[in-house]
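These numbers come from the heavy atoms of this one structure, side chains and all, not from hydrogens, waters or symmetry mates. Please read these numbers as outputs of a predicted model, since none were measured by experiment.
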Amino acid sequence: MTIVLHHLAALLVAAVVVLWLWHGRWTHAHPRTALVLWQVVGLTVVVSTVGALLGIGLAPYELGLVPALGALAADLAAGELWRTVDPAHLGIAAAGLALACWLIGNQIVCLLRTNRLRARHRAILNLVAHSAADALVVDHPIAVAYCLPGRTPRIVVSAGARHLLTGVELDAVLAHERAHARERHDLVLAPFHALHRLWPHGRLLGRVCAAIALLVEMCADDRAASQHGAEPLASALERFHRNGSGGTPAGALAAIDDNVETRIRRLRQPVHAAWAGHSAAPIRLLAVLVALVALGTSASLFVVPA
């Protein structure tokens, strides 16, 4: 049961970090650190949940998880399945394997679906958009700007957006979208969105996805603000918000989202210096290290011999 207890302890650490991420004031000042923590915590929850189920189910073998799975497979092949495990333990182990396969399969399906949607959208853009010096331009009166990510990303802006924004505001918005493309924020969001599709009505998972999406936008905001200043980007977001947005195509990342007012306020009223500076850096570093240790412990328990 030592393996199971280790996995449960890792889940407890992940839960504490999640509460800190939700209630900590520092996340808006340091969105990149917060994103790293969310990714580590997400992996820890998945690995530890699967590991705990397998640990309970395979406990009669008194081996590590992978060696125990090998022993289970050998018993199954030899027709001696019930020599070591009983139906209850086998059912729990099967639940752990089924959960792992379900999660991995869902990630693959969602990735393929998103790639198909983006490929279709790129084909449409090839027909309706024309190239400008800074982006692809769609001749449409509604103001939109978005990034279609991938190995060959597309930055798209409408004629309405070019008419609505001043030159420096447009440059800031395009820098925001280029940050999404360069930093591959789509890969950060993809695993969490895939999980949310499994439980679309799960309020907890919905809150997690919303928090991560906001942090991704803040990362892109910071990159754009460092190049063109915070006020031009805040003004551009305000104009978009006031004039309405044309929505975001499936698989794309847009400058406007449901938290645009929070982002505008953050750009114009930065987080308190105690959290925007370096005084909290040791705490953030410690949290990252603790989360990494929890993830590393959970992952390593799959391969320990006993």
J.: What do the steps show when you test Val128 against His140 for side-chain contact (heavy atoms from CB on, under 4.5 Å), and what is the final call?
T.: CA-CA 10 Å; Val128 303; His140 197 284; over 6 Å; no

J.: May I ask you to decide if Thr44's main-chain N or O and Ser48's side chain share a donor-acceptor pair within less than 3.5 Å?
T.: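 Yes, Ser48 side chain to Thr44 backbone: donor-acceptor pair under 3.5 Å.
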
J.: Quick one: CG on Leu111 to CG on Asn106, what's the gap to the nearest 0.5 Å?
T.: 11.0 Å

J.: How long is the span from the NE2 atom in His121 to the OG1 atom in Thr114, to the nearest 0.5 Å?
T.: 13.5 Å

J.: Would you list the atom pairs, donor with acceptor, under 3.5 Å between side chains in residues 182-193 and any protein atom, with sequence neighbours excluded?
T.:
from, atom 1, to, atom 2, distance (Å)
Glu183, OE1, Arg32, NH2, 3.3
Glu183, OE1, His185, NE2, 2.8
Glu183, OE2, Arg32, NH2, 2.9
Glu183, OE2, Arg223, NE, 3.0
Glu183, OE2, Arg223, NH2, 2.8
Arg184, NE, Asp186, OD1, 3.0
Arg184, NH2, Asp186, OD2, 2.8
His185, ND1, His180, ND1, 2.8
Asp186, OD2, Arg118, NH1, 3.4

J.: Please determine whether the number of non-hydrogen atoms from other residues, nucleotides or ligands lying under 6.0 Å from atom CD of Glu261 exceeds 12.
T.: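 No - once you tally the heavy atoms of other residues, nucleotides and ligands closer than 6.0 Å, there are 12 at most.
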
J.: Hey, does Arg268 have a side-chain heavy atom less than 4.5 Å from the side chain of Glu238?
T.: yes

J.: Say you draw a straight line from CG of Leu170 to CG of Leu174; how long is it, rounded to the nearest 0.5 Å?
T.: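 Rounded to the nearest 0.5 Å, the CG-CG separation comes out at 4.5 Å.
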
J.: Would you say the side chain of Gln107 lies within less than 4.5 Å of the side chain of Leu198, judging by non-hydrogen atoms?
T.: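 No, too far: nothing below the 4.5 Å cut-off.
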
J.: Below 4.5 Å, heavy atoms only, C-beta onward: do Leu195 and Leu103 meet side chain to side chain?
T.: yes

J.: So, do Glu217 and Arg266 sit near enough that their side-chain heavy atoms are less than 4.5 Å apart?
T.: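 Counting from C-beta outward, Glu217 and Arg266 never come under 4.5 Å.
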
J.: Grouping I, L, V, M, F, W and Y whenever their side-chain heavy atoms are under 4.5 Å apart, do Leu204 and Val16 come out in a common cluster?
T.: no

J.: Hey, could you give me the CG/CD1 distance between Asp221 and Ile264, rounded to the nearest 0.5 Å?
T.: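 So the gap between those two atoms works out to 9.5 Å.
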
J.: Do Val17 and Leu12 sit in the same hydrophobic cluster, where Ile, Leu, Val, Met, Phe, Trp and Tyr count as joined when their side-chain heavy atoms come under 4.5 Å apart?
T.: no

J.: Looking only at heavy atoms, what is the nearest atom pair of Cys219 and Pro31, with distance?
T.: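 Residues Cys219 and Pro31, closest heavy atoms: SG-CB, 3.7 Å.
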
J.: Between Arg239 and Leu165, is a side-chain contact (heavy atoms from CB on, under 4.5 Å) present by the stated rule, with each step listed?
T.: CA-CA 8 Å; Arg239 287 178 188 267; Leu165 305 177; 3.8 Å; yes

J.: Mark yes when over 12 heavy atoms from residues, nucleotides or ligands other than Asn126 sit less than 6.0 Å from its CG; otherwise mark no.
T.: yes

J.: Tell me, do His7 and Leu53 make a side-chain contact under 4.5 Å, heavy atoms counted?
T.: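 Result no, sub-4.5 Å side-chain heavy-atom pair not found.
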
J.: Assigning hydrophobic clusters by single linkage (Ile, Leu, Val, Met, Phe, Trp, Tyr; side-chain heavy-atom cutoff under 4.5 Å), is Trp38 placed with Trp199?
T.: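 In one cluster: yes.
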
J.: Could you report the tightest heavy-atom contact between Val85 and Gly57, atom names first, then the distance?
T.: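 What the structure gives for the nearest pair is CG1-O, 4.4 Å.
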
J.: Walk me through it: do Arg113 and Arg197 pass the test side-chain contact (heavy atoms from CB on, under 4.5 Å)?
T.: CA-CA 12 Å; Arg113 176 180 176 272; Arg197 289 190 185 101; 3.7 Å; yes

J.: Tyr61, Leu76: one ILVMFWY side-chain cluster at the under-4.5 Å cut-off?
T.: yes

J.: Set out, in order, the CA-CA distance, both residues' side-chain angles and the distance that settles side-chain contact (heavy atoms from CB on, under 4.5 Å) for Phe240 and Val144, then state yes or no.
T.: CA-CA 8 Å; Phe240 271 126; Val144 294; 5.7 Å; no

J.: My understanding is that only residues two or more places apart in sequence, or in another chain, count here; which of them pass salt bridge (charged side-chain N to carboxylate O under 4.0 Å, His left out) with Arg83?
T.: Asp75, Glu80

J.: Could you tell me the separation between the CD atom of Glu177 and the CG atom of Leu253, rounded to the nearest 0.5 Å?
T.: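 It comes to 7.5 Å.
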
J.: Do Trp102 and Leu97 make a side-chain contact, defined as non-hydrogen atoms from C-beta onward lying under 4.5 Å apart?
T.: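 A side-chain contact is absent here, since even the closest heavy-atom pair is not under 4.5 Å.
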
J.: Give a yes or no on whether the backbone of Ile142 and the side-chain of Ser158 come within a donor-acceptor separation of less than 3.5 Å.
T.: yes

J.: Taking the side chain as every heavy atom from C-beta outward, state whether Leu37 and Thr27 have any atom pair closer than 4.5 Å.
T.: no

J.: Supply the atom-to-atom distance His176 NE2 to Asp222 CG, rounded to the nearest 0.5 angstrom.
T.: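 Result: 10.5 Å between the selected atoms.
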
J.: Would a 4.5 Å heavy-atom cut-off, applied to side chains only, mark Leu58 and His89 as touching?
T.: no

J.: Considering non-hydrogen atoms only, spot the tightest contact between Leu164 and Ala143 and give its length.
T.: CD2-CB, 3.8 Å

J.: Using every non-hydrogen atom in the two residues, find where Val173 and Ala145 come nearest and quote the distance to one decimal.
T.: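 Shortest heavy-atom contact: CG1-CB, 3.7 Å.
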
J.: Can Leu54 be reached from Leu8 by stepping across I, L, V, M, F, W or Y side chains whose heavy atoms are under 4.5 Å apart?
T.: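 Both belong to a single hydrophobic cluster.
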
J.: Has the side chain of Arg154 got a donor or acceptor atom that lies under 3.5 Å from a matching backbone atom of Leu136?
T.: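 Side chain of Arg154 to backbone of Leu136: no pair is present.
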
J.: Can a salt bridge be assigned to the pair Arg162 and Asp134 using a cut-off of 4.0 Å between side-chain N and carboxylate O?
T.: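 Salt bridge between Arg162 and Asp134, a charged N being under 4.0 Å from a carboxylate O: yes.
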
J.: Which atom names give the shortest non-hydrogen contact between Val50 and Gly96, and what distance separates them?
T.: CG1-O, 3.8 Å

J.: Do you know the tightest heavy-atom contact between Pro149 and Arg122?
T.: O-NH1, 3.7 Å

